[in-house]
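Protein chains get the first letters and strands the later ones, always in sequence-line order, with residue 1 at the start of each.
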Amino acid sequence: MEKNFNNNYILPNNFYPINKFKNYLNTGIVRNYRKGDSVVSPGEIIDSVIYVISGKLGITFLTEEGKKRMMFHADAGTFVDRLFQSDDCLVHVVSEEDSIVCFFSKDQLLEMLQQDKEVLCEFITSYASKCGYFMHEAKEMALYNPSVRVLRLLYRLCLTKGELVNNTYEINIKLSQKAISEITGVHYVTVCKIFQNLRERNILRKTSNKIIIFELKKLKDLIDQEQGILNY
DNA sequence: CCATTAATATATA
DNA sequence: TATATATTAATGG
């Protein structure tokens, strides 16, 4: 297991995978969903852990005004906990791709964790990775203003996933402005303006599947100023 | 779908 | 009260 695994969960998906659950699929209930299918309706109580065998689930919650907000995505190997959560918000789980999932009840889960120490370790590690993501999220929201949050996300992505290619950093990642908006809580129009601004300053450029950073130091400087960067 | 732009409204320091 | 951010709506790739 890598050291520091807990620090590398920047995006709300690909949390630490629990591969050993695959050995116990026969003890749970396996179901197939098509893209767009609802897996758990808002308010529905299923008292299970939903393990994603393949595909991807999207977990959103409804605001009081009835608007949806993304919480995280559960990729293959990760899970959605609908067992230990205290439910004071309306969570909606939707299949974002054709997916195969396995429902484990509390008894089935506890049995696995008791039988197999490695499963226990993976489960805790996976939960910790998700917990770490949301703790970071809470800290960002509390300490930084919207545009700085976007800059910080880009900076962190560069440090962790950036590759130095002839004097520029390339982050090979498919990340839409809308996704960045969901992660940072910054309105998507504002995200668009931020990228426009960064492009004009020749600090970085984003394409649909790549972010190229020309001036990492300038990016850092903007973050350290702790101000908004949009001036019109 | 996703990104851009403008016009307008809120929010915040 | 100036600046930052959100909202809405229209438009284009």
Side-chain angles (χ1 to χ4, degrees), chain A residues 10-14 33-39 42 52 54-76 89-90 92-99 133-158 161-162 168-232:
Chain A
I10 297 176
L11 303 176
N13 63 345
N14 285 121
Y33 293 93
R34 305 292 299 279
K35 180 178 183 176
D37 285 351
S38 179
V39 179
V52 182
S54 68
K56 181 196 281 208
L57 304 182
I59 295 82
T60 59
F61 67 90
L62 298 174
T63 67
E64 312 217 332
E65 302 90 45
K67 291 185 177 177
K68 279 189 178 179
R69 280 204 56 174
M70 194 272 298
M71 245 194 281
F72 66 97
H73 306 274
D75 290 306
C89 59
L90 294 176
H92 192 191
V93 182
V94 174
S95 187
E96 295 184 340
E97 302 169 1
D98 290 356
S99 303
Y133 171 81
F134 284 109
M135 285 198 290
H136 182 269
E137 187 86 337
K139 183 190 130 195
E140 292 293 311
M141 294 298 287
L143 296 183
Y144 305 99
N145 67 33
S147 57
V148 174
R149 292 202 297 272
V150 174
L151 299 179
R152 286 173 56 85
L153 174 65
L154 295 171
Y155 188 71
R156 220 152 74 93
L157 281 173
C158 186
K161 301 181 200 286
T168 65
Y169 290 91
E170 290 193 4
I171 309 167
N172 277 289
I173 192 171
K174 201 167 180 178
L175 195 62
S176 68
Q177 292 188 5
K178 185 166 165 288
I180 293 173
S181 164
E182 289 172 340
I183 294 164
T184 58
V186 179
H187 196 270
Y188 66 93
V189 173
T190 306
V191 172
C192 181
K193 287 179 180 171
I194 290 169
F195 276 112
Q196 182 186 329
N197 195 294
L198 292 170
R199 211 185 312 128
E200 284 165 4
R201 295 180 193 232
N202 287 316
I203 293 176
L204 63 81
R205 179 162 60 83
K206 185 182 112 57
T207 65
S208 58
N209 48 13
K210 188 179 279 195
I211 301 169
I212 303 171
I213 300 185
F214 307 116
E215 302 272 7
L216 187 60
K217 186 177 179 306
K218 285 190 184 174
L219 179 61
K220 180 82 166 68
D221 290 343
L222 285 178
I223 291 170
D224 291 338
Q225 288 172 223
E226 298 205 356
Q227 297 165 3
I229 65 165
L230 306 174
N231 30 26
Y232 289 93

Item to complete: Please state how far atom CD in A:Gln177 lies from atom C1' in B:dA3, giving the value in whole angstrom units.
Response: 6 Å
Worksheet item: Rounding to a whole Å, what distance do you find between A:Glu182:CD and B:dA3:C1'?
Response: 15 Å
Practice prompt. Check for a donor-acceptor pair, side chain of A:Arg149 on one end and backbone N or O of A:Tyr144 on the other, with a separation under 3.5 Å.
Written response: yes
Worksheet entry | Value in whole Å for how far the P atom of B:dC2 lies from CG of A:Leu175 | 12 Å
Worksheet item: CG of A:Asn197 versus P of C:dA4: gap in Å, rounded?
Response: 10 Å
Discussion item. So, taking the atom named CG in A:Leu204 and the one named CD1 in A:Ile171, what distance separates them when rounded to the nearest 0.5 Å?
Written reply: 8.0 Å
Item to complete: Can you see which heavy atom on A:Ser181 is nearest to which on A:Val186, and at what distance?
Response: OG-O, 2.6 Å
Worksheet entry | Sequence-aligned protein contact record of nucleotides 5-13 of chain B, with B where the base is within under 4.0 Å of a protein heavy atom and S where only the sugar-phosphate is | BB-------
Discussion item. Could you measure the distance from the CZ atom of A:Arg152 to the OG atom of A:Ser147? Nearest 0.5 Å is fine.
Written reply: 12.0 Å
Worksheet item: What's the NZ-P distance between A:Lys178 and B:dC2, to the nearest Å?
Response: 6 Å
Worksheet item: Measuring from A:Ile183:CD1 to A:Asn13:CG, what's the distance to the nearest 0.5 Å?
Response: 7.5 Å
Worksheet item: In whole Å, what is the span from the CD1 atom of A:Ile211 to the P atom of B:dA3?
Response: 11 Å
Fill in: Under-4.0 Å side-chain N/O to phosphate OP1/OP2 contact, A:Ser147 with C:dT5
yes
Worksheet entry | Check: A:Ile211 and A:Ile173 side chains under 4.5 Å, non-hydrogen atoms | yes
Discussion item. Rounding to an integer number of Å, can you tell me how far A:Glu200 CD sits from B:dT4 C1'?
Written reply: 12 Å
Worksheet item: Is the phosphate of C:dA6, meaning OP1 or OP2, less than 4.0 Å from a side-chain N or O of A:Thr190?
Response: yes
